[in-house]
Amino acid sequence: MSARLESAADTIHVSISDRFLTRMLIRFLAPYWLQIMIVFAMLIAVAGLSLLMPLLIQRAVDEPIRQGNIAGLIPYGIAYFSLIFIIFIIRFAHTYLLQTVGQNALVSLRQELFEHIMRQDMRFFNTTPVGQLVSRLSNDIEALTELLSTSIVVLASNVVQLIGIVVVMLALNWRLAVLSLAIMPIMVGVTVFFRKRIRVAATRFHKLVGEYLAFINEQFNGMLIVQLFGRQQVSREGFAHLNRQHTEIHGRFRDHYTGYAAALQILTTAGLALVLYGGGQGVLAGWASLGTLIAFLEYTRRTFEPIVQLSEQIAQIQSAFSAGERIAKMLHVQPEIAEAVEPLRLTTTRHSLTFDHVNFGYEPGHLVLRDLDFHVPAGQRVAVVGATGAGKTSLAGLLARFYDVSDGRVLIDGVDVRSIGLQDLREYVTVVPQNPYCFDGTVAENLRLFNPAITDEQMISAAKMACADRFIERLPGGYDFELLPGGANLSQGQKQLLALARALIHNPNSILVLDEATSNIDTETEAMIQEGLERILRGRTSLVIAHRLSTIREVDRILVMKRGQLVEDGTHAELLAQNGLYAQLYQRQFLELESA
């Protein structure tokens, strides 16, 4: 497989520590501090009640059992089973409450992450595969869900219980306590050793999941090309490569986890054997009773239990922290297009536009536009023509400020677009792209863009002006016709007509930028679009990026571009008379039409 470009989040080289991730989670948990305090009070109550159970066993062995008093066991039995019931109720309550808090916190995190991604500029979306964004909002959030709903409950309760057990053991018999805790430093060392390896494997796994989803998204969206050019074998090999990587990383993950769990089981058995041997010697020597030894065996088992449970949770915890690290990196990505500190608003309804000695490149050192300098007065219709790669579409991106210029200025009514708020700027400039997108919904919802404030009269009026009403009324259900995602059940020309009507509805007085609006469509639909454009562009400042020169003869002015530079400027008749690049392009297309 060929190497992929790094996404914006992958290029962030910020050190994301566990402490930073913990602070990030605490920030989202902070609004629920009262519920969390209640949970921790419940955890302490469960730990305290759990500590009483081995003590009851010790008392029962040393007193009624040793004395042969069977009736004396009944109160201990009642107390023991009562504790089991009470602990069950409290554990259910704190688990339910903490899971509710965790889910509410993740709702906020998921919303903030989505809104953060929505604020990014077009360069971010052009370099970040959709699959990676889906992975951040789904798999990575799901990993944190498991952390907050399950792992954190187990971890917090075990820590509280472990502290309580150590205190009680030291209070009961310090010699047995030392024996019980002797194996703990080794367990801690083993945990630290495997934790680092599991974290590395989890990080690689989450990164691969993003690449996997990006590959799937790319292949399925491009299935037409895959089948047309017989690339099925190439796609199968690419998927097999990712599949093998998935298996290898998952195998490494499994090896570390099983090795850690096995090591803890061995250490747990060794620890219990040590307490049993040393405690037995203590009973014979008289510095420990049989009941105390039995209680310590139970306490020792419970001491190791949190560590063993940690072995079961550590893979999930490290996976969650790895996912949190990727989310944190995504939240560190800042858009290159910054909002104006003190944005200006334009007061005129008809706008002029100016490119003032503009240089621009998508990559450093590779200019797409070179010293571009021209002015379009308010109300003038201007077409931009040139060969593929001349830089025509880049004009639309700069005017709508999807990108910022490298040098020079882009002005609207004499105001630099960088001084205008982005939301206001998108009201002043409307771009109709070459491949307009339709959302899953009805024709009416796509025209309104799900804005209920737009009336049926506004919508139908705009559709008529754009000549879109003719095909809409022929659809089953008309404006209530359900579109497939991307408008898959419409032709390219029909989507262009909808895009024109949409532009009229939402920004009726804006500068209109049409990017190859009549490319790749049939002659009949082109005629409808041309009729709609004549109505829409009349008296409106517009920039028409065109491939078919026959569609722009009626504009006020034509700009001819070559390799990012403006080489000709004039009307259709003036440029033909100059017999320059425009005349060559026009004659070439005319000859192609003649031969066709």
Side-chain angles (χ1 to χ4, degrees), residues 15-22 25 43 47 50 95 98 102 139-140 142-166 169 178-209 244-276 297-328:
S15 178
I16 307 294
S17 64
D18 287 356
R19 183 178 297 178
F20 177 87
L21 295 176
T22 304
L25 291 176
L43 288 175
S50 298
T95 301
L98 189 56
N139 293 347
D140 290 347
E142 189 62 32
L144 289 178
T145 300
E146 291 297 320
L147 173 69
L148 292 181
S149 63
T150 304
S151 301
I152 197 169
V153 176
V154 174
L155 185 63
S157 61
N158 284 342
V159 168
V160 173
Q161 185 172 320
L162 184 60
I163 293 171
I165 289 172
V166 171
M169 286 197 302
V178 170
L179 284 173
S180 299
L181 300 175
I183 208 78
M184 288 292 289
I186 303 174
M187 282 189 159
V188 172
V190 169
T191 300
V192 172
F193 176 82
F194 279 101
R195 172 192 168 277
K196 293 179 180 178
R197 283 153 181 77
I198 292 174
R199 178 65 171 274
V200 170
T203 300
R204 290 176 181 171
F205 178 76
H206 280 285
K207 184 176 182 181
L208 183 64
V209 167
R244 284 193 301 272
Q245 283 188 308
H246 184 280
T247 303
E248 290 170 5
I249 293 174
H250 197 274
R252 205 171 302 143
F253 198 82
R254 175 206 60 211
D255 293 344
H256 293 320
Y257 170 70
T258 53
Y260 177 51
L264 287 187
Q265 287 293 340
I266 292 171
L267 291 171
T268 299
T269 304
L272 287 171
L274 181 63
V275 172
L276 184 59
L297 286 172
E298 180 65 15
Y299 279 131
T300 302
R301 185 187 64 77
R302 293 187 180 213
T303 302
F304 295 150
E305 196 174 69
I307 307 296
V308 174
Q309 286 186 355
L310 180 61
S311 73
E312 298 171 358
Q313 295 294 324
I314 195 166
Q316 184 63 53
I317 292 170
Q318 294 307 312
S319 179
F321 270 85
S322 174
E325 181 179 345
R326 297 180 68 77
I327 290 172

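In this text, all values refer to a predicted model and were calculated from it rather than measured experimentally.
- Here the CZ-CG distance, from R204 to L208, works out to 11.5 Å after rounding to the nearest 0.5 Å.
- Taken from NE2 in H250 to CZ in R254, the straight-line distance is 8.5 Å, to the nearest 0.5 Å.
- For F194 against H256, the heavy-atom pair with the smallest separation is CD2-O, 3.4 Å.
- By the 4.5 Å heavy-atom criterion applied to side chains, L162 and M184 are counted as neighbours.
- Shown here for S180 and T300, the closest heavy-atom pair between the two residues is OG-OG1, 2.9 Å.
- In this structure, the separation between CG on L264 and OG1 on T191 is 5.5 Å, given to the nearest 0.5 Å.
- By the 4.5 Å heavy-atom criterion applied to side chains, D255 and R197 are not counted as neighbours.
- Residues L272 and L297 come closest through the heavy atom pair CD2-O, 3.8 Å.
- Atom NE2 of H246 and atom CZ of F205 lie 4.0 Å apart (nearest 0.5 Å).
- The CD1 atom of I183 sits 5.5 Å away from atom CG of L267, with the distance rounded to the nearest 0.5 Å.
- Interatomic distance, CG of L274 versus CG of L181, reported as 10.5 Å (0.5 Å rounding).
- Among all heavy-atom pairs drawn from A323 and A143, the shortest one is CB-CB, 3.8 Å.
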